[in-house]
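Reading through the structure tokens given below for one structure.
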2 protein chains.
Amino acid sequence: MPTFTPIKQVKASDEVYNQLKEAILTEQYKAGDKLPSERELIEMFQVSRTVVREAIKVLEANSFVEIKQGSTGGAFVRHITFERLSNACFDLFMSGKMSLPEIAQARILIEPAAAKLAVRNCTDADLDKIKQIVESEHTLSGENDDMVYNRSHLHYLIAELTGNRFLEAIIKSLAILVREVTKDLQPSFHPDKVHPAGMHDELLRAFLDRNDEAVFKAMHDHLHEFRDRLIAAEENFRTHYSK
Amino acid sequence: MPTFTPIKQVKASDEVYNQLKEAILTEQYKAGDKLPSERELIEMFQVSRTVVREAIKVLEANSFVEIKQGSTGGAFVRHITFERLSNACFDLFMSGKMSLPEIAQARILIEPAAAKLAVRNCTDADLDKIKQIVESEHTLSGENDDMVYNRSHLHYLIAELTGNRFLEAIIKSLAILVREVTKDLQPSFHPDKVHPAGMHDELLRAFLDRNDEAVFKAMHDHLHEFRDRLIAAEENFRTHYSK
DNA sequence: ATATGTCAAATGTATAACATTTAAAAAAGG
DNA sequence: CCTTTTTTAAATGTTATACATTTGACATAT
């Protein structure tokens, strides 16, 4: 009996999407470039406007392009970043498929080793930056969200210093997730209670010494303490604002 | 002077998307449920079919629903998985924003510690499963892709045994990425050369001993060796099939 | 010069018609 | 009665057209 392969009727909009995505990935359209207008794409693909629009809409959903309206508008190719990955993490968390303790544990597992990598790569200029960031944590005070953002700067920088873009993406996604959740928890806990100034001091010392084992331990201890505070804050939030 | 806030004209399709997404995340629509048909959604949101379709299309792009055609068709809510995260990783790799060495390094950093977690959680039944998987790696032989899939089973199981769904998602995404790339590299390298049978034997012994430090080391050594083989295969691929 | 108005090009929305897919129901045949 | 075939209905997929809205560039008036 001859062997046949099943027919897969791909939808037109998916086909358009795939071709455009391929063109972007192979940099036939580079970041900043404008994709052809809907009208032109209709001509090129010989399909209806609906099909073209749905394809572009999915490109936008997947962070490949940004759609702008107006006379100079169109679908502009974006720099591919970890944003999509971060959004996926966020929705997984929001759907209850990941808990805060799990996120915190993952950080404990990943970031100390990452920081160890970072301290090996960092230049004197990088050390200066780290120092500035930690110092700014002490001077900055206020009720607003600025503090919450401020507290994640150091983790961002360390993520970049690993020189590993995958680790960078993961660590930043985790930091963003924790940051957003912390903002939600604010009503019951001032951010300073979850992450008081000075929590990074030991880490800074270890970096300035360029002592990778000490950096590992400092990050480990920091994240352990932070996890406990975060879980306590969440507990407090649940009891006060039960829904 | 009074303070005004800028007006953000949200597009109708985005608004529909957000409301539907929210309903899915809060489990007003559970996995397996069918969203209202396009016609009903038009009534409910009082918008055109175009708007409804674009919203649903984006839901599908983000893995929230699966669209089926036909008389019993519609948009069916999916179980939220790490698939979106995995796809994001894949595209980042495809766009050159992550290299194979970086992926391999990330695995070296993450999986040994994860395996250490796993060995603490695993039951006798789990140990049996691990044993079976490793043994099947020796018996299975063939040119096809089955072997490539077979080689990642163990990493999958260990990911699940961590009991941490974030780590599980990350580790599986990495495994998938490496697996797909390995398949591409096949023309030049038989999969058995990249990941020969027996590479997991030491890891199995450590698990059977329930020796977490040994597990850590075995995973570490395994991934180091695998990384070197993978990089060599990629090198070979580039020189033979330069494009 | 500066503000204002006009215009054109692009995306956003609405509507209607038809095509295709799919499973279930009805009909036909043995 | 069971099996096969045909019909049907309900859903999504596609096309086409018209109009609305947004936005920057250009022209114009003051």
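Chain A is the first sequence line, chain B the second, and so forth, proteins listed ahead of strands; every chain is numbered from 1.
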Exercise. Whole angstrom is fine here: how far is it from CD in A/E38 over to P in D/dT17?
Key: 16 Å
Quiz item: Would one find more than 12 heavy atoms of other residues, nucleotides or ligands at under 6.0 Å from atom NZ of B/K131?
Solution: no
Quiz item: Which part of the nucleic acid, if any, lies within contact of A/T50, taking any heavy atom under 4.0 Å across all strands shown: a base, the sugar-phosphate backbone alone, or nothing?
Solution: base
Quiz item: Just how far, in rounded Å, is P of D/dT15 from CZ of B/R49?
Solution: 13 Å
Quiz item: Which one, C/dA14, D/dA16, C/dG12, comes nearest to the side chain of B/V47?
Solution: C/dA14
Quiz item: Are A/S71 and C/dA9 close enough that a side-chain N or O sits under 4.0 Å from OP1 or OP2?
Solution: no
Self-check item: Contacting residues from residues 11-25 of chain B, given that a heavy atom lies under 4.0 angstrom of DNA chain D
Solution: none
Exercise. Might you point out which heavy atoms bring B/T162 and B/A114 nearest each other, and give the distance in Å?
Key: CG2-O, 3.5 Å
Quiz item: Can you check whether B/Q9 has a side-chain N or O nearer than 4.0 Å to OP1 or OP2 of D/dT22?
Solution: yes
Quiz prompt | Any residue of residues 63-70 of chain B with a heavy atom less than 4.0 Å from an atom of DNA chain C | solution = B/Q69, B/G70
Exercise. Please state how far atom CZ in B/F45 lies from atom C1' in C/dA14, giving the value in whole angstrom units.
Key: 17 Å
Quiz prompt | Side-chain N,O (B/R39) to OP1/OP2 (D/dA10) below 4.0 Å | solution = no
Quiz prompt | Interatomic distance, B/I56 CD1 vs D/dT14 C1' [rounded to whole Å] | solution = 16 Å
Quiz item: Would the A/H153 and A/H200 ring centres measure less than 6.0 Å apart?
Solution: no
Exercise. May I have the distance from B/Q46 (atom CD) to C/dT13 (atom P), rounded to whole angstrom?
Key: 15 Å
Quiz item: Taking it one step at a time, do A/F76 and A/I67 satisfy side chain to side chain contact (heavy atoms under 4.5 Å, CB included)?
Solution: CA-CA 6 Å; A/F76 293 87; A/I67 302 177; over 6 Å; no
Quiz item: Roughly, in whole Å, what's the span from CZ in A/R53 to P in D/dG13?
Solution: 17 Å
Self-check item: Stepwise side-chain hydrogen bond (donor to acceptor under 3.5 Å, both in side chains) test for A/E102 and B/N164
Solution: CA-CA 6 Å; A/E102 282 169 302; B/N164 184 311; 5.3 Å; no
Quiz item: When you look at A/L154 and A/I130, which way does the side chain to side chain contact (heavy atoms under 4.5 Å, CB included) test go after all the steps?
Solution: CA-CA 7 Å; A/L154 181 60; A/I130 294 176; 3.8 Å; yes
Self-check item: Gap between atom SG of A/C89 and atom NZ of A/K172 - 0.5 Å precision
Solution: 14.0 Å
Quiz item: Is any side-chain nitrogen or oxygen of B/T72 closer than 4.0 Å to OP1 or OP2 of C/dA23?
Solution: no
Exercise. Evaluate whether atom NZ of B/K11 has more than 12 neighbouring non-hydrogen atoms of other residues, nucleotides or ligands under 6.0 angstrom away.
Key: yes
Quiz prompt | Spacing between B/L35 atom CG and D/dT12 atom C1', to the nearest angstrom | solution = 14 Å
Quiz item: Between A/S63 and A/R84, is any side-chain donor less than 3.5 angstrom from a side-chain acceptor?
Solution: no
Quiz item: To the nearest angstrom, how far is B/E54 atom CD from D/dT12 atom P?
Solution: 16 Å
